Number of protein chains: 2
Amino acid sequence: MQNRNISDIIEKYLKSILADSQQIEIKRSEIAEQFDVVPSQINYVIKTRFTIQNGYVVESKRGGGGYIRIAKVNLIDDTDVLDQLIDLIGESITSGKALQIIQSLYEDKLLTQKEANLVLATMDRTTLNFADKRLENVVRARILVSVLNRLRCAD
Amino acid sequence: MQNRNISDIIEKYLKSILADSQQIEIKRSEIAEQFDVVPSQINYVIKTRFTIQNGYVVESKRGGGGYIRIAKVNLIDDTDVLDQLIDLIGESITSGKALQIIQSLYEDKLLTQKEANLVLATMDRTTLNFADKRLENVVRARILVSVLNRLRCAD
DNA sequence: ATAATAATAGTCAATATTAGTCAAAGTTGG
DNA sequence: CCAACTTTGACTAATATTGACTATTATTAT
């Protein structure tokens with residue numbers, strides 16, 4: 001619980017700010033300096049932890065006065081996001097990315113914890129356990145899309 | 001009785017820590033070094049002694065700052081039903097039989113209606129949609145067994 | 001206005017740091 | 001001796017870190 005990697009720490013820091021405000025605007029170099037990492041690590045953190053799968057939308061601008069803006073999006077009032085997710089999943093998805101999506105659904109209260117755990121169990125790496133991982137990802141995508149579509153129903 | 005094997009000793013050590021806390025996070029290499037065994041032996045200990053049947057859920061992460069987390073979970077009172085169902089399913093199950101099992105779980109109040117519908121969606125014929133139905137039934141069995149094992153947890 | 005320069009952020013691939021899998025070899029109790 | 005369990009290690013997979021190079025935007029000089 002103590003010696004997490006620096007990416008996790010940066011993630012946590014950013015999310016703690018986002019807990020209070022709908023969005024934040026950071027200067028990449030400042031955050032990098034603050035945590036003593038190379039600037040591109042900030043891109044890594046964003047790319048792995050602040051994607052639309054995670055329920056975030058990121059915009060940025062380069063040049064003088066450049067910034068990276070991270071905004072939280074809500075899956076509940078935004079049916080478009082559900083469509084976006086399905087679109088994004090496409091034909092194939094890894095176990096890790098699927099986990100991110102399920103976590104987002106839980107955070108946005110579209111799934112209870114038990115529901116999330118059950119759904120996760122169905123598409124876990126060790127559950128599907130295909131020799132051909134490419135095919136496994138295809139099947140996982142079908143399962144996840146099926147779950148997302150099911151969530152459109154009222155009950 | 002005195003000189004038990006090293007796997008038993010590692011098991012006992014981990015469980016002694018878990019007696020005080022709900023979960024622990026270990027670094028595989030550290031534990032391996034501490035007991036002077038190869039790292040993969042830690043996996044063996046976990047796989048044989050920290051199963052869901054024993055009331056443990058294990059998560060891990062690789063890469064820098066990686067860890068293995070072992071958490072205690074509360075098991076439901078009657079796991080016999082689950083054991084029997086898992087036995088019944090075996091290696092393969094059709095969509096129809098799976099539906100029957102999910103329905104019975106709903107009637108036994110092990111699943112809410114929404115949970116049942118979600119789980120059904122994941123293993124529906126149109127979701128899995130394998131060309132090779134024999135293989136589809138095998139995968140469905142793995143999914144359903146995984147769900148049943150998840151249901152052992154009270155929370 | 002245009003060109004040069006400065007100030008940002010982005011990409012990508014090499015390397016490092018973990019954990020997981022699997023099967024062969026060893027051990028032990030019956 | 002046999003079957004089940006344990007130990008080992010080579011190979012694989014996932015994740016994180018780093019830095020050189022690129023792209024974009026703003027500012028300054030001409």
Side-chain angles (χ1 to χ4, degrees), chain A residues 1-14 24-51 53-54 57-70 92-100 103 124-137 140, chain B residues 1-14 24-51 54 57-70:
Chain A
M1 196 77 102
Q2 54 281 36
N3 274 335
R4 318 267 284 174
N5 61 62
I6 190 72
S7 289
D8 282 344
I9 294 168
I10 295 169
E11 172 194 5
K12 208 166 174 192
Y13 169 72
L14 296 176
I24 52 173
E25 220 171 85
I26 62 172
K27 181 159 287 203
R28 188 179 76 152
S29 57
E30 280 180 6
I31 302 293
E33 192 169 1
Q34 187 176 334
F35 289 96
D36 196 29
V37 297
V38 296
S40 63
Q41 179 142 14
I42 307 306
N43 296 89
Y44 174 73
V45 171
I46 287 171
K47 198 171 173 191
T48 53
R49 294 153 163 88
F50 291 90
T51 65
Q53 293 103 306
N54 300 109
V57 167
V58 178
E59 286 172 350
S60 65
K61 199 168 76 165
R62 310 185 195 187
Y67 58 84
I68 301 176
R69 177 167 39 221
I70 307 175
S92 169
I93 189 168
T94 63
S95 181
K97 296 248 183 249
L99 170 62
Q100 292 183 344
Q103 270 173 345
D124 190 80
R125 258 192 320 237
T126 58
T127 300
L128 297 180
N129 196 31
F130 282 38
D132 182 348
K133 291 298 172 190
R134 230 186 44 249
L135 184 56
E136 177 180 308
N137 290 344
R140 180 179 295 109
Chain B
M1 194 62 81
Q2 211 68 315
N3 278 334
R4 311 220 280 169
N5 62 58
I6 189 72
S7 288
D8 284 343
I9 293 168
I10 295 170
E11 173 194 7
K12 209 164 178 187
Y13 168 72
L14 295 176
I24 53 173
E25 222 172 84
I26 61 171
K27 184 157 286 204
R28 188 178 76 151
S29 57
E30 280 179 5
I31 302 294
E33 193 169 1
Q34 188 175 332
F35 289 95
D36 195 30
V37 298
V38 296
S40 62
Q41 179 141 14
I42 307 306
N43 296 90
Y44 175 73
V45 171
I46 287 172
K47 199 168 176 194
T48 53
R49 293 154 163 87
F50 290 89
T51 65
N54 291 321
V57 167
V58 179
E59 285 174 346
S60 66
K61 197 164 80 162
R62 309 185 198 188
Y67 58 82
I68 300 176
R69 177 163 46 222
I70 307 175

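Chain letters run A, B, ... following the sequence lines, proteins first and then strands; every chain starts at 1. The model shown is predicted, which means the values in this text are computed figures rather than measured ones.
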Can you tell me the distance, in whole Å, between the CZ atom of B:R4 and the P atom of D:dT7?
12 Å

What integer distance in Å separates B:R28:CZ from D:dG9:C1'?
11 Å

Mapping A:G64 and B:S7 onto DNA chain D by nearest heavy atom, which one lands closer to the 5' end?
B:S7

Just to verify, which of A:I9, A:I42, A:I24 counts as forming a side-chain contact (heavy atoms from CB on, under 4.5 Å) with A:L14?
A:I24

To the nearest Å, how far apart are A:N43 CG and C:dT8 P?
15 Å

When you match A:V45 and A:K61 each to their closest nucleotide on DNA chain D, which lands nearer the 5' end?
A:V45

Can you tell me how far C1' of D:dC5 sits from CD of B:Q41, to the nearest Å?
11 Å

So if I take every side-chain heavy atom of B:S29 and compare against C:dA19, D:dA16, D:dT7, which nucleotide ends up nearest?
C:dA19

Donor + acceptor pair across side chains of A:T126, A:N129 (<3.5 Å):
no

Is there a side-chain contact between A:S92 and A:R134 (heavy atoms, below 4.5 Å)?
no

CD of A:E33 to NZ of A:K27, rounded to nearest 0.5 Å, is 12.0 Å

A:R125 CZ - D:dT15 P separation (whole Å):
6 Å

Taking only N and O in the side chain of A:S60, is any of them less than 4.0 Å away from OP1 or OP2 of C:dT8?
no

Look at all strands and tell whether A:G63 reaches a base, only sugar-phosphate, or nothing, counting heavy atoms closer than 4.0 Å.
base

Which whole-number value in Å describes the distance from B:R62 CZ to D:dT17 P?
17 Å

Test log, rule side chain to side chain contact (heavy atoms under 4.5 Å, CB included), inputs B:Y13 and B:Q34:
CA-CA 11 Å; B:Y13 168 72; B:Q34 188 175 332; 3.4 Å; yes

Using the closest heavy atom to pick a nucleotide of DNA chain C for each, name whichever of B:Y67 or A:K47 lands nearer the 5' end.
A:K47

Side chain of A:S40 - closest among D:dA16, D:dT25, D:dT18
D:dT18

What's the NZ-C1' distance between B:K27 and D:dT15, to the nearest Å?
13 Å

Taking atom P of D:dT24 as reference, at what distance in whole Å does atom CD1 of A:I68 sit?
16 Å

